[in-house]
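First up is the structure itself, then whatever we jot down about it.
All residue numbers refer to positions in the sequence shown, counting from 1.
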Amino acid sequence: MTALTRASGRSELDLAVEAVRAACRDAGIEPAEVDALLSYHMNDSVPVVQVARALGIERLGWHNDIAGGGTQAASILGDAAMLIHCGIARNIVIYRALNGRSGKRLNLASTGPQEELTRRYGMAGPIPLFALAATRYLHDTGLTEEHLHAVVAQSRDNAATNPRALRREPLTWADYQAKPYVCTPLRTADCCQETDGACALVVSGVLTGPRVHAVVRGGGPGCSAMDRAPDVSAIFSEHVAPMLWRASGMKPADVDAALLYDAYSWLVPRQLADFGLAEDLDGYLLERRHAWVNRHGGLLSEGYVHGLNNVAQAVRELREDREVALVTGFGGSYGSAALLTAA
């Protein structure tokens with residue numbers, strides 16, 4: 001990863017090249033040994049062919065710029081694994097680079113076709129959309145702002161010892177209440193960071209290290225399509241969690257590192273429940289039994305590289321003392337999930 005900042009003063013190309021070179025050094029390979037290059041974006045990054053050229057990769061094999069944001073954070077690992085399984089590539093680099101604060105700010109985007117229809121009702125950009133879903137979720141579950149505070153406060157506590165994190169200060173209940181609302185019930189603290197930076201991973205069929213065990217991608221009617229949703233709070237995890245357990249042959253008790261896509265605070269309890277990682281969310285959150293989730297601070301506190309920094313953290317934890325890591329990718333009612341293993 002590059003340093004995470006709010007004003008990089010650099011191009012997305014510079015950020016991407018730094019992150020990719022660092023990933024290659026970490027893997028013990030030269031950029032010339034990379035035979036596939038994948039990235040995902042929302043018209044806010046740099047194309048893979050430009051990165052390949054800057055790295056001096058003269059003969060580039062399979063490469064793809066995948067349109068999409070958080071939904072890709074886990075499933076792009078599946079794309080890489082399939083290329084390896086089919087014998088198309090040996091060493092694949094995945095990267096995400098963006099100037100998400102000083103450049104194109106996703107939370108200010110309100111020019112798409114959906115927003116043209118909904119802006120007049122105050123639904124411009126993703127936060128109002130998912131705030132509406134959060135309102136329903138809190139109502140149905142009986143969770144309150146105290147539970148949202150518990151999620152964010154624990155995120156800050158987890159980030160306290162992470163030098164990469166942008167938010168490392170404690171967040172008291174009073175401090176949380178003083179934060180302004182962006183769109184009720186979501187305050188500024190309930191929303192992920194807007195960050196400049198890049199992250200890169202090497203997925204290899206010939207190197208040793210943590211392994212991609214299972215990846216799923218899917219979705220259904222829910223908070224991305226509220227006009228067709230029987231439950232507007234149903235995010236991707238309701239749909240992909242059963243798929244993941246079937247595909248992996250594992251069960252929730254096998255997971256000892258959870259890297260959950262926490263673009264908004266309410267997504268953490270929703271995913272904990274959907275993946276079967278927690279019951280009695282009231283006590284679980286207020287007693288801070290979720291401290292093992294996003295030990296680096298996640299997207300709420302470390303920074304926001306569209307979820308790929310959570311995958312990088314999963315690799316760190318698997319290299320240390322964890323055996324099975326769950327990583328997720330959120331895009332409303334559509335998304336992805338992956339299980340990674342230490343060996």
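Put simply, V240 and V324 are part of the same group of oily side chains (I, L, V, M, F, W, Y) that touch within less than 4.5 Å, one to the next. With hydrophobic clusters built from ILVMFWY side chains whose heavy atoms lie under 4.5 angstrom apart, V327 does not share a cluster with W292. A single hydrophobic cluster is not seen to contain both Y181 and V151; linkage of ILVMFWY side chains at heavy-atom distances under 4.5 Å, directly or through other members, places them apart. When hydrophobic clusters are built by joining Ile, Leu, Val, Met, Phe, Trp and Tyr residues whose side-chain heavy atoms come closer than 4.5 Å, directly or via intermediates, L171 is grouped together with L143.
Side chain of N91 to main chain of D35: no donor-acceptor pair is present (N/O by atom type, distance under 3.5 Å, no hydrogens or angles). Put simply, the side chain of S39 gets close to the backbone of Y95: a donor and an acceptor are under 3.5 Å apart. In this structure, N309 contributes its side chain and G303 its backbone to a donor-acceptor pair below 3.5 Å. In this structure, N310 contributes its side chain and G298 its backbone to no donor-acceptor pair below 3.5 Å. Checked by atom type and distance alone, the side chain of D65 never pairs as donor or acceptor with a backbone atom of P47 at under 3.5 Å. Using modelled atom types, one side-chain atom of T2 and one backbone atom of A198 make a donor-acceptor pair closer than 3.5 Å. S45 places no side-chain N or O within donor-acceptor distance of the main-chain N or O of L98, the cut-off being under 3.5 Å. At distances below 3.5 Å, at least one donor-acceptor pair connects side-chain atoms of Q271 with backbone N or O atoms of Y261. Of the possible donor and acceptor atoms, none in the side chain of N64 sits under 3.5 Å from a partner among the backbone N and O of L38. Judged by distance alone, with hydrogens and angles left aside, the side-chain atoms of N162 form a donor-acceptor pair with the main-chain N or O of H296 at under 3.5 Å.
The aromatic rings of Y304 and H306 sit tilted relative to each other, their planes meeting at an angle between 30° and 60°.
Two rings, from Y137 and Y264, have their centers 6.0 Å or more apart.
A 6.0 Å sphere centred on NE2 of H63 holds no more than 12 heavy atoms belonging to other residues, nucleotides or ligands. Surrounding CH2 of W62 are at most 12 heavy atoms belonging to other residues, nucleotides or ligands under 6.0 Å away. For R168, the CZ atom counts as densely surrounded, since its 6.0 Å shell holds more than 12 non-hydrogen atoms of other residues, nucleotides or ligands.
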Side chain to side chain contact (heavy atoms under 4.5 Å, CB included) between L339 and V255, worked out
CA-CA 8 Å; L339 286 169; V255 175; 4.0 Å; yes
So D254 and K251, salt bridge (charged side-chain N to carboxylate O under 4.0 Å, His left out) or not? Walk me through it.
CA-CA 6 Å; D254 294 323; K251 55 187 184 300; 3.3 Å; yes
Would you sort out whether R270 and E238 count as a salt bridge (charged side-chain N to carboxylate O under 4.0 Å, His left out), showing the intermediate values?
CA-CA 9 Å; R270 177 78 211 214; E238 176 171 297; 2.6 Å; yes
Checking side chain to side chain contact (heavy atoms under 4.5 Å, CB included) for the pair V311/I94: CA distance, chi angles, key distance, verdict?
CA-CA 11 Å; V311 183; I94 297 167; over 6 Å; no
Run the side chain to side chain contact (heavy atoms under 4.5 Å, CB included) check on D79 and V215 step by step: do they pass?
CA-CA 9 Å; D79 294 324; V215 186; over 6 Å; no
Worked verdict on R96 versus L201 for side chain to side chain contact (heavy atoms under 4.5 Å, CB included):
CA-CA 9 Å; R96 179 73 173 97; L201 302 164; over 6 Å; no
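The line from CZ of F236 to OG1 of T328 is 4.0 Å long, rounded to the nearest 0.5 Å. Rounding to the nearest 0.5 angstrom, the gap separating the CD atom in E146 from the CG atom in L286 is 6.5 Å. Note that the NE2 atom of H149 and the CG atom of L285 stand 12.0 Å from one another [nearest 0.5 Å].
Contacts of A247 classified as side-chain contact (heavy atoms from CB on, under 4.5 Å), with partners at least two apart in sequence or in another chain: V216.
Inter-residue side-chain proximity for L129 and M226 is flagged as met; some heavy-atom pair is nearer than 4.5 Å.
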Show me the donor-acceptor pairs within less than 3.5 Å that the side chains of residues 8-16 make with the rest of the protein, sequence neighbours left out.
unit_1: S8; atom_1: OG; unit_2: R10; atom_2: N; d: 3.1
unit_1: S8; atom_1: OG; unit_2: R10; atom_2: O; d: 3.3
unit_1: S8; atom_1: OG; unit_2: N99; atom_2: OD1; d: 2.7
unit_1: R10; atom_1: NH1; unit_2: E18; atom_2: OE1; d: 2.7
unit_1: R10; atom_1: NH2; unit_2: D14; atom_2: O; d: 3.3
unit_1: R10; atom_1: NH2; unit_2: E18; atom_2: OE1; d: 2.9
unit_1: S11; atom_1: OG; unit_2: L13; atom_2: N; d: 3.4
unit_1: S11; atom_1: OG; unit_2: D14; atom_2: N; d: 3.1

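One finds no salt bridge joining R156 and D175 here, because no Lys/Arg side-chain nitrogen approaches an Asp/Glu carboxylate oxygen to under 4.0 Å.
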